[in-house]
Engineer: 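One structure, pasted below without further comment.
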Amino acid sequence: MDHAPQNDIIRTSAAAQAAALRAGETSSEELTRAHLDRIAAVDGDLNAFLHVDTDAALATAQDIDSRRAAGEELHALAGVPIAVKDIVVTEGQPTTAGSKMLEGWIPPYDATLVQKLRAAGLPILGKTNMDEFAMGSSTESSAYGPTRNPWDRDRIPGGSGGGSAAAVGSFEAPLAIGTDTGGSIRQPGAVTGTVGVKPTYGSVSRYGLIAMASSLDQAGPVTRTVEDSAMLHELIAGHDPHDSTSLTDPVGAFTRAARAQDVTGLRVGVIEELEGEGFAPEVRARFTESLAQLERAGAEIVRVSCPNFTYALGAYYLIMPSEASSNLAKFDGMRFGLRVVPEDHPTAENVMKATRGAGFGDEVKRRILLGTYALSAGYYDAYYGSAQKVRTLVQRDFTAAFEQVDVLASPTAPTVAFRLGEQVDDPTAMYMNDIATIPANLAGVPGISLPSGLAEDGLPAGIQFLAPARADERLYRVGGALEALLEDAWGGPLLAKAPELTGGAH
Ligand code: GLN
């Protein structure tokens with residue numbers, strides 16, 4: 001049983017933890033140990049972590065403590081621990097992408113964003129659970145068992161980055177890294193009462209992310225406050241010559257925007273296609289109330305139509321599997337992780353067949369088949385080609401909408417967290433969870449999800465804001481302001497209302 005008091009340091013924001021370190025009220029070693037203790041106490045039940053690296057995390061913490069004692073100028077987040085989704089490669093630490101295919105694989109290098117975390121002195125607590133190769137909305141397709149939602153352990157924590165969201169939501173880590181190809185940062189954020197940001201495509205380097213769909217993938221922050229996301233985004237963003245799609249723009253002043261607390265005159269467009277049918281009544285009610293708060297604070301709320309968003313999900317489920325089928329071809333039993341050698345005729349082709357048959361789970365196989373089919377001769381134009389046309393139409397909808405408004409808004413996910421097992425046998429139902437998040441990936445625009453309140457069954461719901469490409473600052477401006485307004489109304493952060501966790505095994 002965990003008896004941590006509500007004001008325990010692990011329950012504060014990363015910004016507050018960083019301030020406590022600077023003020024000498026705690027050390028990074030103490031802070032890191034407190035999080036490792038919390039993981040030991042509750043993760044047997046949650047399964048948010050696939051790998052915990054106690055020694056490496058403490059070594060970084062001790063190094064930062066001695067450098068701070070020596071008067072060295074450190075990064076604002078130095079000494080604050082972080083968890084990293086297991087699709088991001090970490091030198092010397094296992095990286096499985098939630099798949100049996102990569103069981104036991106130790107990457108020989110760090111992703112660019114991990115290099116940045118290490119250079120800034122953030123102790124890496126470990127690697128978080130996820131749907132296999134980031135394909136899913138519930139973390140149930142992980143080969144290592146599902147993660148549970150800290151609000152209700154019979155429910156899913158969202159996906160694919162359910163491990164990162166559950167770790168942050170359960171105070172195992174103040175910060176985490178996620179990746180978002182169709183919603184995998186924002187939807188888990190919504191259903192766990194945490195904050196998640198998908199940056200503008202190209203803002204954060206993809207070098208060292210195990211690719212799912214290269215034209216859609218973006219890494220970003222998973223945190224408990226908007227300011228924490230801004231600080232982490234500033235740290236991991238920036239041009240990287242190792243990623244040919246990396247932007248050369250200077251990194252925006254996200255933290256300043258998060259602290260501005262001013263939405264006067266900000267034009268917020270409600271996406272008509274993403275707030276009606278299919279969205280749960282209380283999720284919609286919290287969304288409408290959040291907009292009313294912004295309006296009272298001086299924002300202008302207007303309705304905007306993005307008619308092609310209706311086709312975004314269909315286009316995504318052709319483009320994403322097409323790219324994934326090509327990206328996953330490299331898992332052939334020859335180079336990484338698993339190799340299954342059949343006793344009969346162990347030819348190269350048979351080794352590949354046996355390895356891919358044994359190493360990939362059902363959802364991954366489904367998408368490889370779908371993508372291979374969509375790209376095949378005779379079908380390419382009808383499927384992949386048409387989907388690319390829809391993608392252009394979605395991009396045009398965004399361009400037209402952003403001529404009228406500064407940011408767009410919708411509920412992040414259509415419902416609160418559903419029960420474990422409820423949608424595993426119904427892929428179409430599972431895919432529908434991303435109806436509101438996918439358009440941003442198709443267009444490369446940035447999005448944030450933050451808690452909008454408690455909805456059905458007393459579980460958290462999220463509100464999403466989208467901004468034009470390279471205007472991520474607007475997300476922090478509107479998100480920071482709304483978070484403050486809502487927390488005033490609630491009398492504190494939403495996560496303070498989550499039930500206390502107890503430990504124990506599954
Ligand atoms: N849930 C979506 C899918 O299954 C999005 C995944 C993601 O963003 N990685 O494809």
Side-chain angles (χ1 to χ4, degrees), residues 47-53 56 83-115 124-136 139-147 159-164 177-179 181 184 205-214 217 219 242-243 320-321 323-372:
N47 199 29
F49 282 86
L50 293 178
H51 173 71
V52 176
D53 207 333
V84 177
K85 188 178 180 183
D86 206 30
I87 199 163
V88 183
V89 306
T90 41
E91 184 178 353
Q93 289 173 314
T95 301
T96 66
S99 182
K100 285 276 176 240
M101 189 60 100
L102 286 177
E103 195 166 22
W105 181 59
I106 310 283
Y109 72 108
D110 275 333
T112 297
L113 76 86
V114 171
Q115 281 175 17
I124 297 177
L125 296 166
K127 307 297 290 291
T128 56
N129 201 2
M130 53 181 285
D131 281 298
E132 186 176 6
F133 288 108
M135 297 175 184
T139 314
E140 292 168 293
S141 78
S142 167
Y144 305 98
T147 297
S160 63
S164 285
I177 295 292
T179 59
T181 301
S184 285
S205 171
R206 289 184 295 107
Y207 182 70
L209 307 190
I210 297 174
M212 177 184 177
S214 309
D217 298 343
H242 287 121
D243 173 359
M320 175 274 302
E323 294 187 23
S325 70
S326 157
N327 278 326
L328 269 56
K330 62 179 161 287
F331 301 108
D332 56 5
M334 301 294 147
R335 283 165 289 189
F336 311 97
L338 188 73
R339 173 180 300 166
V340 180
V341 182
E343 277 176 25
D344 281 359
H345 307 295
T347 60
E349 193 182 332
N350 286 341
V351 169
M352 286 180 203
K353 271 191 197 158
T355 303
R356 288 168 71 82
F360 289 138
D362 288 350
E363 184 59 27
V364 174
K365 286 179 184 159
R366 180 180 293 124
R367 296 195 193 196
I368 291 173
L369 290 172
L370 207 61
T372 307

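Position 1 is the first residue of the sequence, and the numbers go up from there.
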Engineer: What closest approach, in Å, do V340 and A358 show between heavy atoms, and which atom pair accounts for it?
Structural biologist: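 Distance-wise, the nearest heavy atoms are CG2-CB, 4.0 Å.
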
Engineer: Between V88 and V114, is there a side-chain heavy-atom distance shorter than 4.5 Å?
Structural biologist: yes

Engineer: List the steps, then state whether side-chain contact (heavy atoms from CB on, under 4.5 Å) holds for M135 with T181.
Structural biologist: CA-CA 9 Å; M135 297 175 184; T181 301; over 6 Å; no

Engineer: Can you find a heavy atom in the side chain of K127 that is under 4.5 Å from one in the side chain of T95?
Structural biologist: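 Yes - at least one pair of side-chain heavy atoms lies under 4.5 Å apart.
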
Engineer: Out of curiosity, L50 CG to Q93 CD, how far, rounded to the nearest 0.5 Å?
Structural biologist: 12.5 Å

Engineer: Please find the pair of heavy atoms, one from L338 and one from G359, that lie closest to each other, and give the distance.
Structural biologist: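 So the minimum-distance heavy-atom pair works out to CD2-CA, 3.5 Å.
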
Engineer: Using modelled atom types only, decide if a donor and an acceptor are shared between the side chain of T355 and the backbone of G333 within a distance under 3.5 Å.
Structural biologist: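 Pair absent, no side-chain N/O of T355 close to backbone of G333.
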
Engineer: Between Y144 and N47, which heavy-atom pair has the shortest distance, and what is it?
Structural biologist: O-ND2, 3.1 Å

Engineer: Within the distance-only criterion (no hydrogens, no angle test), does the side chain of E140 pair as donor or acceptor with the backbone N or O of P146 below 3.5 angstrom?
Structural biologist: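 Answer holds: no.
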
Engineer: Can you check whether V89 reaches I210 side chain to side chain, under 4.5 Å on heavy atoms?
Structural biologist: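 V89 reaches I210 side chain to side chain.
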
Engineer: So, K85 versus T179: side-chain donor-acceptor pair below 3.5 Å or not?
Structural biologist: yes

Engineer: Looking only at side chains, do D131 and S141 share a donor and an acceptor under 3.5 Å apart?
Structural biologist: yes

Engineer: So, do V351 and P342 sit near enough that their side-chain heavy atoms are less than 4.5 Å apart?
Structural biologist: yes

Engineer: Once rounded to the nearest 0.5 Å, what's the spacing between atom NE2 of H345 and atom NZ of K353?
Structural biologist: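 Here the interatomic distance stands at 11.0 Å.
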
Engineer: May I ask you to decide if the ring planes of F133 and F360 are parallel, tilted or perpendicular, using 30° and 60° as cut-offs?
Structural biologist: perpendicular

Engineer: Is a side-chain donor or acceptor of D217 paired with a backbone partner of R206 at a separation under 3.5 angstrom?
Structural biologist: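 Flag not set: sc D217 to bb R206 has no pair under 3.5 Å.
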
Engineer: Would you check if the side chain of N327 reaches a backbone N or O of M212 as a donor-acceptor pair within less than 3.5 Å?
Structural biologist: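 Here the side-chain-to-backbone pair exists.
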
Engineer: Can you tell me how far the OG1 atom of T90 sits from the CG atom of D110, to the nearest 0.5 Å?
Structural biologist: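 The CG atom of D110 is 7.0 Å from OG1 of T90, to the nearest 0.5 Å.
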
Engineer: Please round to the nearest 0.5 Å and tell me the distance separating atom CE of M352 and atom CG of D332.
Structural biologist: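 Taking CE in M352 and CG in D332, the distance rounds to 5.0 Å.
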
Engineer: Nearest heavy-atom pair of L370 and P321: which atoms, and what distance?
Structural biologist: CD2-CG, 3.9 Å

Engineer: Counting distance only, does the side-chain N/O of T128 pair as donor-acceptor with the main-chain N or O of G163 below 3.5 Å?
Structural biologist: no

Engineer: Has S164 got a side-chain atom pairing as donor or acceptor with I177's backbone, closer than 3.5 angstrom?
Structural biologist: yes

Engineer: Which heavy atom of S184 sits nearest to which heavy atom of A134, and what is that distance?
Structural biologist: OG-O, 4.2 Å

Engineer: Roughly how far, to the nearest 0.5 Å, is CD1 of I368 from CZ of R356?
Structural biologist: 4.5 Å

Engineer: Rounded to the nearest 0.5 Å, what's the gap from CZ on R367 to CG on L328? Could you check?
Structural biologist: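 Here the interatomic distance stands at 11.0 Å.
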
Engineer: Counting C-beta onward and ignoring hydrogens, is there a side-chain heavy-atom pair between L209 and L113 closer than 4.5 Å?
Structural biologist: yes

